[in-house]
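One structure is given below, encoded as structure tokens.
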Amino acid sequence: MLLYHFSDGKFKPGEIMPIGNYGKYVSAAPSIVQQFEKLMEISRKKITPKKPSRLNCIFAFNKEYANGFQCNRKYQYELEVPDIITTFELNYNVSTFFWNLYKANKLNEIKTEIDLMEDYWKNNGTYMTSKFKLIPFDKEFLISQPVKIIRSL
């Protein structure tokens, strides 16, 4: 399966995309980001501990979504994900919802959305905030193992 990843890191075709780059970012990010990801980890361990941590994975998208993705990352890579590697489909828009809250420094609002964090990990198809705002589904993949870079786009 071919998936697409966005990164500030410069890699060459044939190299292996490592896992955990987002975790490195979070460790140096503002406290609110770290607190949010800690809450996400608590939800993950409670709901589905077999899915990879957001802090130790590769985030990727299918071609359809990657082509329309507006991102502030420098590079886009095409990745080869062998069938033997399990990918986990989750909702990118839930991540974006939380990104907007921590960008606005709204930690108290983030803390009221534990159910939405759990829904992110359940991936049950219905995503609604505590204020009854529906969040549409756009697929993101979490990959728990390093994968080969096919090309830079």
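Nothing fancy with the numbering, it's 1 onward along the sequence.
- Within a 6.0 Å radius of CG in N124, more than 12 heavy atoms belonging to other residues, nucleotides or ligands are found.
- Between S95 and R54, some side-chain heavy-atom pair lies under the 4.5 Å cut-off.
- Within 6.0 Å of the NZ atom in K148, the count of heavy atoms belonging to other residues, nucleotides or ligands does not exceed 12.
- The hydrophobic cluster containing L79 does not contain F6, counting ILVMFWY residues as joined when their side-chain heavy atoms lie under 4.5 angstrom apart, directly or transitively.
- For the atom pair Y4 OH and F61 CZ, the distance stands at 13.5 Å (nearest 0.5 Å).
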Under the ring-ring contact (aromatic ring centres under 6.0 Å, His included) rule, what do F11 and Y77 come out as? Steps first, then yes or no, please. CA-CA 8 Å; F11 298 96; Y77 297 103; 5.7 Å; yes
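- V81 is listed as a side-chain neighbour of I143, based on a closest heavy-atom distance under 4.5 Å.
- In this structure, E109 pairs ionically with K131, as a charged nitrogen and a carboxylate oxygen lie closer than 4.0 Å.
- Contact check on E15 versus K12 returns no salt bridge, with no Lys/Arg side-chain nitrogen under 4.0 Å from an Asp/Glu carboxylate oxygen.
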Show, in sequence, the C-alpha distance, side-chain angles and deciding distance for E140 and E89, and conclude whether the side chain to side chain contact (heavy atoms under 4.5 Å, CB included) test is met. CA-CA 6 Å; E140 73 179 352; E89 296 178 16; over 6 Å; no
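- Ring-centre distance between F59 and F141: not below the 6.0 Å cut-off.
- Using a 4.5 Å cut-off on side-chain heavy atoms (C-beta onward), K139 and N91 make no contact.
- Cluster annotation: M1 and I19 are assigned to the same hydrophobic cluster (Ile/Leu/Val/Met/Phe/Trp/Tyr, side-chain heavy-atom contacts under 4.5 Å, transitive).
- In terms of heavy-atom proximity, R151 sits nearest to P13 at CA-CG, 4.0 Å.
- A donor-acceptor contact closer than 3.5 angstrom links the side chains of E41 and S53.
- Between the side chains of Y102 and Q35, no donor-acceptor pair is found at a separation under 3.5 Å.
- The shortest distance between side-chain heavy atoms of M40 and W121 falls below 4.5 Å.
- Linking ILVMFWY side-chain heavy atoms closer than 4.5 Å, directly or via other members, places Y25 and L39 in a single hydrophobic cluster.
- Between the side chains of E118 and S43, no donor-acceptor pair of N or O atoms lies under 3.5 Å.
- For the residue pair N123/Y127, the side-chain donor-acceptor check at 3.5 Å is satisfied.
- Surrounding NZ of K122 are more than 12 heavy atoms belonging to other residues, nucleotides or ligands, all under 6.0 Å away.
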